[in-house]
Engineer: 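Structure in structure tokens, see below.
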Amino acid sequence: MSFDEETAVRLARRPRWHYREGVSALDPNAIRQDFPILSREIHGKPLVYLDNAATSQKPFQVLKTSRDYYEEINANIHRGVHHLAQAATTAYEAARETVRAHLNAQSVEEIVFTSGTTDAINLVASVLGRSGKINAGDEIIISGLEHHSNIGPWQILCEQLGISLKIIPVREDGTLDLAIYETLLTDRTKLVSINHISNAFGTVNDVNSICHLAKQVGALTLIDGAQSIAHLSIDVQDINADFYAFSGHKVYAPTGIGVLWARRDLLEELPPWKGGGEMIKEVSFEKTTYNDPPFKYEAGTPNIEGAIALAAALNYVNNLGIESIHSYETHLIQELSSILSSIPEVTIYGPHDRSGAISFNIKGVHHYDLGTLLDQMGFALRTGHHCCQPLMARFGITGTLRASVGVYNTIGEVHALGEALERALKMLR
Amino acid sequence: MSFDEETAVRLARRPRWHYREGVSALDPNAIRQDFPILSREIHGKPLVYLDNAATSQKPFQVLKTSRDYYEEINANIHRGVHHLAQAATTAYEAARETVRAHLNAQSVEEIVFTSGTTDAINLVASVLGRSGKINAGDEIIISGLEHHSNIGPWQILCEQLGISLKIIPVREDGTLDLAIYETLLTDRTKLVSINHISNAFGTVNDVNSICHLAKQVGALTLIDGAQSIAHLSIDVQDINADFYAFSGHKVYAPTGIGVLWARRDLLEELPPWKGGGEMIKEVSFEKTTYNDPPFKYEAGTPNIEGAIALAAALNYVNNLGIESIHSYETHLIQELSSILSSIPEVTIYGPHDRSGAISFNIKGVHHYDLGTLLDQMGFALRTGHHCCQPLMARFGITGTLRASVGVYNTIGEVHALGEALERALKMLR
Amino acid sequence: MTISERQDELLEELNLFQDWTERYEYIIGLGKKLPPMDQSLQTEDHLIKGCQSQVWLDASLVDGKMHYLADSDSLITKGMIALFVRILNGQTAQDVISTELTFIEKTGLKEHLAPTRANALTLMAAQMRKCALEAS
Amino acid sequence: MTISERQDELLEELNLFQDWTERYEYIIGLGKKLPPMDQSLQTEDHLIKGCQSQVWLDASLVDGKMHYLADSDSLITKGMIALFVRILNGQTAQDVISTELTFIEKTGLKEHLAPTRANALTLMAAQMRKCALEAS
Ligand SMILES: Cc1ncc(COP(=O)(O)O)c(C=O)c1O
Ligand SMILES: Cc1ncc(COP(=O)(O)O)c(C=O)c1O
């Protein structure tokens, strides 16, 4: 399928929600038209894409923004006197403002473009490690729900600095034990890094309380927003964390772009990470001075197209309304939950009021086999550990089958999944 | 301008070179049709894009590859059982093979995708810094021709490890003084990091000799190929360096993707850089083991689309033939050189056999003013220090005006630039 | 029957099926029927580690013929290794080593299966041979 | 003439030109005609650092009126600051502080110039005022 300008205009004008009673004002059928890939067939069956927690599909509005960038204004940014360089710079900096507004950050100086969540967390780990703010004997707190990308960077840091990692345990219902969290917080705690929504179980963590408690012992806080960015309205001032990280590809934007939001005074105070073009003000072999934030943390040519397309994706989300998206998706997840609950010997992980994803296992059936058979019926779900091996170990499992929703999924797809599961289970039992 | 499938097919079938006598077999007018942006007007004048050393424009073959990726197979890669995940993984790993073949690397394990050259150089700096291979009192050699991205990372490392930076001086003609280089090499030299082609002056460095000499004192070598990738045929085995870095956006691929080639044994031996998903094999809070190269150095969701589009760009280049491109571009640069030489009181920097770019100043005229007026006539050139402040200081200048060519530039554009310069100079004198 | 004959037989059987569901059902069925492997044999040295599933394979020489035992936590994987067991059980080590396992390609199973699964087939074939080499 | 009158006059002049070449030529011409500034005044404290060019600005009160001296290494930048000098020289510090410099917007210069240049205009305007504040 390919879109020409005319189609683009026509589609852009089509209303994407209608005002009716019920769980949601979104019109998923209209929205689906925005996503070219959704008209694909897999093994001769219509694609049902339920792997949104891994990555989201892209609407043509985003694809068109990328293409228009290259067809109209592509140039390297900053310092160029020629027209294209200036147009590209303007678009890139406007994208930064779009991100700022989306997160309700205080200023654009607080928005650093990275290549993704993992990159953003590593940035923080590296610069904190060299800041003098964390020293041997200190502690960092993460949780048992974390993605490897919010474990690995801290493990590397622990080894480098001789500090230790404390883990907020996960309760049987897949939520964090905040009572134990409180006992872990001491004046040795220098950082608390927690995901906003668990990619494995869909658990929504109470990040406001987590940050509030951390502040009381003077610890910094990082929220891994890889999952929340597509599902929740985010206000970094309200959460009152020090760092917030997310990836564009999880929120309908391309791969290779992400964001680190950080408090401006921290960005000013912390040492640089990568050295190179853009992040430098004056260079001589004797002495180099660094640029101001956010440029200080954007060494080299950034992913200009990615940043601009990310802004287009956030605009897409905001046009639909993140609150509407949230309530619509919650409706889908609740329906999934009740369908799955009716399967004999199913275990559903995580709390009932989960967001975005639902993870489960069926006794005697390998998630990998179920996933394989579902794929043959056109359903894209993820199986395995979801980059959360410690969490899997906590529940004594090798993995789960996970369905995760996006704004384009429908109740029809959810019901079809129920039927497909039944069929697959018949084969496997 | 937008391309539908039909146009795409028609354009793809059109021959892009003809076999005639002369400097080049390339047909720039046919090639220009591949680059949508080149039909733009700037201030009412046709765009003449001569800022290719900053970033290149993208052919529709690359843009189409990106779009097709999102419209047909987009999914997160590795470990997914569903069809899209597998199709995306296959395409991503095929892109790695394309890069391997393009560089004549021994194996795909040696190809690490990064977000660009700067990212790649920082990767090397960071892991070497923690490898135990470089210790206080040791030395790193770079040159006076380097881009800030090949200075900054080493300055940061010097500060961290208490090592020092030695500089190969630049001679009056813009080439490196290799006689002095030899005297700088001692058994304290642990790394030599040099660009293949200087972005500021177009100087082509004799990287084979530089690496050969470095090996004799047991130093590692890194070649910054940011500029060479679009202009030269590169054979990492022949150069015999240890690391080779380049950015996709300089070789007709999108922003946000780059490559670090490294000797496999080094990648196996060196510590990881960023922690996170993909780069980890087994994770527990007690003990984590890392994945094998190249995955060990690709933490988090990579720029999947970027890698695949980079492969499309390299295929584009190889279809035309990098040797043909090189001889065609050399013809353009030589013509530029003779036009510029005829301007009174001009200073042209760099040696006569430069590649890709030509830098100059005209006495009594500020490069910024010239660039501004040229922009008004539709010409995109870069003015300023080109992220090479030490080089500018060496020549006692604040910057230069630089014209840098790509495969789509024409002799006609070169002549038009000559006329535009004349007109601008009349205004400024 | 020789290994080649058994491969031909398998090929014919698999070709009877029209669609993937039936083929998967057939493979899963083979897995279900695979004689159980003693838990005590399911050790690290007998393990072939796949992407998401695990296969244990043990082999011994009984009256000069190879005798394979296999198990997996995944039923589909178990069915896949059952294909090999069916073809190779009771053959001489020499025959196992010297006969090419052409059925993997010929059945189109490789294209049909997910690449991670297809990769497992290659690993299994290699391991079956390795066992025969060690036994002989 | 008041600052406002001088701004109007400038506006009229600039509007006479049809295309950018003429406007740039006019601005460059103003730059060339700007009275030279003594090298000894071209110091760090008098510097307004732009993206790629440097401007030096010095101001003094002569008979109760502002007297600006300016120079730049770039002729276009010099022409731009000459626009300000032309409007503000000989005005009282009070007038400089209290009158809005509307010509920047009204001439369309900001859109016309490259953004880096346009940004320089804003910096210049601020610095001219700052000098007046310090002088008064
Ligand atoms: C010689 C050289 N090295 C390094 C770089 C940095 O490349 P990037 O900005 O793509 O990381 C450049 C780009 O300007 C360059 O020309
Ligand atoms: C909770 C969480 N954190 C971090 C990440 C890593 O994001 P990325 O791979 O885009 O860097 C993910 C993505 O899977 C995630 O779900």
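Heavy atoms only: backbone and side chains are in, while hydrogens, waters and symmetry mates are out. Protein chains get the first letters and strands the later ones, always in sequence-line order, with residue 1 at the start of each.
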Engineer: What part of Q57(B) lies closer than 4.5 angstrom to a heavy atom of chain A: side chain, backbone, both or neither?
Structural biologist: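 Answer is both: backbone and side chain atoms of Q57(B) are under 4.5 Å from chain A.
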Engineer: Quick one: OG1 on T114(A) to CG on N303(A), what's the gap to the nearest 0.5 Å?
Structural biologist: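 Those atoms lie 10.0 Å apart.
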Engineer: Which bit of Q160(A) comes within less than 4.5 Å of chain B, counting heavy atoms only: side chain, backbone, both or neither?
Structural biologist: side chain
Engineer: Of the backbone (N, CA, C, O) and the side chain (C-beta and beyond), which part of N74(A) lies under 4.5 Å from a heavy atom of chain B, both, or neither?
Structural biologist: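 Both backbone and side chain.
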Engineer: Output the distance between atom NE2 (H82(B)) and atom CG (D51(A)), rounded to the nearest 0.5 Å.
Structural biologist: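 Rounded to the nearest 0.5 Å, the NE2-CG separation comes to 3.5 Å.
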Engineer: Could you tell me which residues in residues 117-126 of chain B have at least one non-hydrogen atom under 4.5 Å from a non-hydrogen atom of chain A, sorted by residue number?
Structural biologist: T118(B), D119(B), N122(B)
Engineer: Please classify the contact between I280(B) and chain A as side chain, backbone, both or neither, with a heavy-atom cut-off of under 4.5 Å.
Structural biologist: side chain
Engineer: Fit a plane to each ring of Y252(A) and F35(A), take the angle between them on a 0 to 90° scale, and name the class: parallel (under 30°), tilted (30 to 60°) or perpendicular (over 60°).
Structural biologist: perpendicular
Engineer: Specify which of G384(B), G306(B), P254(B), G116(B) makes the most heavy-atom pairs with chain A at under 4.5 Å.
Structural biologist: P254(B)
Engineer: Quick check on I304(A) against chain B: is it the side chain, the backbone, both or neither that has a heavy atom closer than 4.5 Å?
Structural biologist: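 Contact with chain B is through both the backbone and side chain of I304(A).
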Engineer: Is I257(A) in contact with chain B via its backbone, its side chain, both, or neither, using a 4.5 Å heavy-atom distance?
Structural biologist: neither
Engineer: Which region of H78(A), side chain (C-beta onward) or backbone (N, CA, C, O), has a non-hydrogen atom less than 4.5 Å from a non-hydrogen atom of chain B, or is it both or neither?
Structural biologist: backbone
Engineer: Give a yes or no on whether a salt bridge exists between R79(B) and E278(B), defined as a side-chain N under 4.0 angstrom from a carboxylate O.
Structural biologist: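 Salt bridge present between R79(B) and E278(B).
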Engineer: So which of G277(B), G275(B), G371(B) has the biggest tally of heavy-atom pairs under 4.5 Å with chain A?
Structural biologist: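 Option with the greatest count: G275(B).
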Engineer: If I measure from the heavy atoms of chain B, does E305(A) come under 4.5 Å with its side chain, its backbone, both, or neither?
Structural biologist: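 Both backbone and side chain.
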Engineer: Under a 3.5 Å distance rule, please check whether D375(A) uses its side chain to pair with a backbone N or O of H83(B) as donor and acceptor.
Structural biologist: yes
Engineer: Just by modelled atom types, is the H249(B) backbone N or O under 3.5 Å from a matching donor or acceptor in the S247(B) side chain?
Structural biologist: no
Engineer: Name the region of W154(A), side chain, backbone, both or neither, that has any atom closer than 4.5 Å to a heavy atom of chain B.
Structural biologist: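 Contact with chain B involves no heavy atom of W154(A) at all.
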Engineer: Measure P302(A) against the heavy atoms of chain B and call it side chain, backbone, both or neither at under 4.5 Å.
Structural biologist: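 Answer is backbone: N, CA, C or O of P302(A) sit under 4.5 Å from chain B.
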Engineer: May I ask you to check whether H147(A) and H386(A) place their ring centers less than 6.0 Å from one another?
Structural biologist: no
Engineer: Given that the side chain runs from C-beta out, which part of F379(A) has a heavy atom under 4.5 Å from chain B: side chain, backbone, both or neither?
Structural biologist: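 Backbone of F379(A) only, per the 4.5 Å heavy-atom cut-off to chain B.
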Engineer: Measuring heavy-atom distances to chain B, does A393(A) have an atom under 4.5 Å in its side chain, in its backbone, in both, or in neither?
Structural biologist: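 When you check distances to chain B, no heavy atom of A393(A) falls under 4.5 Å.
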Engineer: Among L84(A), I73(A), V283(A), which has the most heavy-atom pairs under 4.5 Å with chain B?
Structural biologist: V283(A)
Engineer: Select one option (side chain, backbone, both, neither) describing which atoms of S56(A) are under 4.5 Å from chain B's heavy atoms.
Structural biologist: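 Backbone only.
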